[in-house]
2 protein chains.
Amino acid sequence: MPKSAAVPSPIREPLDGEAHLDFALIELLFFAYRDFTSDPDQMLDTYTFGRAHHRVLHFVNRVPGLTVAELLEVLKITKQSLARVLKQLIDTGHVVQVQGPRDRRQRELYPTHKGRTLALTLAQPQSERIAAALDGLAPGERKAVEHFLRNMVDEPWRSRVGLSPDALRGVAVAEDGQHGSE
Amino acid sequence: MPKSAAVPSPIREPLDGEAHLDFALIELLFFAYRDFTSDPDQMLDTYTFGRAHHRVLHFVNRVPGLTVAELLEVLKITKQSLARVLKQLIDTGHVVQVQGPRDRRQRELYPTHKGRTLALTLAQPQSERIAAALDGLAPGERKAVEHFLRNMVDEPWRSRVGLSPDALRGVAVAEDGQHGSE
DNA sequence: AAATTACGTCAGTAGTGTTGACATAATTCC
DNA sequence: GGAATTATGTCAACACTACTGACGTAATTT
């Protein structure tokens with residue numbers, strides 16, 4: 001006698017290369033990123049900061065003078081999401097705002113000495129992890145890793161990431177309705 | 001006359017290779033992962049599912065028969081976090097639980113046909129993105145990418161990821177106080 | 001002068017993660 | 001066989017990050 005609610009039959013075949021889908025690399029990316037973020041995440045707990053603070057701090061350090069609008073496009077988050085973490089970083093003296101010289105409506109974001117120090121501290125274990133993971137690879141193979149990662153990124157960012165920090169400035173992303181205000 | 005609250009001086013130097021830190025790759029990983037997850041995230045909105053559902057669904061499909069405890073160790077989340085999304089996946093008929101044959105306390109997790117189909121659908125754009133990013137690389141360079149990603153992962157997972165799905169079964173992680181119950 | 005832009009902020013909501021406590025059933029230990 | 005342990009589920013409370021929509025202000029552009 002079957003149960004009143006028929007249980008859909010469980011599938012017991014592991015998902016592997018069958019459908020020409022690259023499960024191995026999908027999984028590797030998940031695990032790599034999971035552990036890549038684990039060290040800074042742990043440190044940030046000390047400051048009552050989260051991963052969002054780290055990202056803001058990173059880009060403000062990497063591209064000092066970035067405006068709020070530019071930062072929103074880099075992070076692909078909304079104004080409201082940024083507001084909270086940015087306010088905390090300013091209140092704690094990690095970031096300062098400077099009125100834009102050309103357009104005084106703009107707020108250029110700069111790290112303070114404190115903010116720069118924290119950014120470097122957070123980048124340290126990540127950089128070590130990367131160096132260890134690259135260890136044993138030939139120069140050309142390192143280039144291949146960079147090529148792969150860069151080509152995982154959608155345009156218009158693909159052609160700008162992994163170059164000089166200034167390449168991240170002033171990317172006018174085509175309007176696509178993701179803004180907090182219109 | 002200085003203002004009453006002295007503004008910490010802004011640092012205007014971009015953060016680049018100065019401190020021997022690999023900011024380029026740190027950034028590439030951020031952008032690559034951001035866009036890697038964007039396609040499935042968008043699809044999942046249709047189902048009122050989030051990224052957490054995707055991860056559970058992926059591993060249940062990849063390693064059918066995985067127990068709840070094993071899944072918690074793979075995802076490195078707590079029991080409570082898993083409970084919510086797992087319940088939803090079961091209620092919507094994507095995943096079924098089967099009482100463990102050896103240990104009847106255990107619940108083995110299996111995808112249904114519906115769950116397998118969704119997993120494949122979500123993996124499709126990710127796999128295409130990976131294939132496109134690998135395009136133009138020599139076989140050895142692809143191996144280098146895998147080497148890099150695998151070595152970004154901490155042990156005991158490093159030696160298990162990117163191999164056969166079964167390698168993810170039964171990893172007894174050393175106790176480190178991250179459990180929901182003791 | 002009017003429209004637009006850059007930014008800030010208020011209110012409400014959702015998804016994902018956390019901790020701690022407690023309950024149940026099954027297994028293992030002595 | 002009784003006790004401790006294990007695997008799982010669940011309740012309550014909370015934190016962080018993200019979202020949407022609306023509104024306000026100052027500065028720029030038209």
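Atom set for the values below is all heavy atoms of this structure, side chains included, hydrogens, waters and symmetry mates excluded. These numbers come from a predicted model, not from an experiment.
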Would one find a side-chain N or O of [X] under 4.0 angstrom from OP1 or OP2 of [N]?
X: B:Arg107; N: D:dG9; result: yes
X: B:Thr78; N: C:dT18; result: yes
X: B:Ser81; N: C:dT18; result: yes
X: A:Gln97; N: C:dG8; result: yes
X: A:His53; N: D:dT17; result: yes
X: B:Arg84; N: D:dC11; result: no

To the nearest Å, give me how far apart [atom1] ([X]) and [atom2] ([N]) are.
X: B:Leu75; N: C:dG15; atom1: CG; atom2: C1'; value: 15 Å
X: B:Gln80; N: C:dC22; atom1: CD; atom2: P; value: 15 Å
X: B:Leu71; N: D:dG9; atom1: CG; atom2: C1'; value: 15 Å
X: B:Phe49; N: D:dA18; atom1: CZ; atom2: P; value: 22 Å
X: A:Arg51; N: C:dG17; atom1: CZ; atom2: P; value: 10 Å
X: A:Leu86; N: C:dA6; atom1: CG; atom2: C1'; value: 14 Å
X: B:Lys76; N: C:dT18; atom1: NZ; atom2: C1'; value: 16 Å
X: B:Leu72; N: D:dT6; atom1: CG; atom2: P; value: 16 Å

Next on the checklist: For B:Leu29, run the side-chain contact (heavy atoms from CB on, under 4.5 Å) check against A:Leu29, A:Thr37, A:Ile130 and tell me which one passes.
Outcome noted: A:Ile130
Please answer whether the main-chain N or O of [Y] pairs with a side-chain N or O of [X] as donor and acceptor at a distance below 3.5 Å.
X: A:Arg160; Y: A:Pro156; result: yes
X: A:Arg62; Y: B:Leu15; result: yes
X: A:Arg116; Y: A:Pro111; result: no
X: B:Arg150; Y: B:Arg158; result: no
X: B:Gln106; Y: B:Thr67; result: no

Next on the checklist: If the helix axis at each end comes from five base pairs, how far does the helix from C:dA1-D:dT30 to C:dC30-D:dG1 deviate from straight, to 10°?
Outcome noted: 30°
Next on the checklist: For a 4.5 angstrom cut-off between non-hydrogen side-chain atoms, does B:Leu120 reach A:Leu21?
Outcome noted: yes
Item to check | Pairwise side-chain contact, A:Thr78 with A:Ser81, heavy-atom cut-off 4.5 Å (strictly under) | outcome: yes
Next on the checklist: If you apply the rule side-chain contact (heavy atoms from CB on, under 4.5 Å), what do you find for A:Asp22 with B:Leu134, and how did you get there?
Outcome noted: CA-CA 11 Å; A:Asp22 202 332; B:Leu134 289 173; 4.3 Å; yes
Checklist entry - On a plain distance test, is the side chain of A:Lys79 in donor-acceptor contact with the base of C:dG8 below 3.5 Å? => result yes
Checklist entry - Only one of A:Phe59, A:Tyr33, A:Trp157 clears ring-ring contact (aromatic ring centres under 6.0 Å, His included) with B:Phe30; which? => result A:Phe59
Checklist entry - For every nucleotide of nucleotides 25-30 of chain D, 5' to 3': is a protein heavy atom under 4.0 Å from its base (B), only from its sugar-phosphate (S), or from neither (-)? => result -BBS--
Checklist outcome for this item: On DNA chain D, more 5' by nearest nucleotide between B:Glu70 and A:Arg55 is B:Glu70
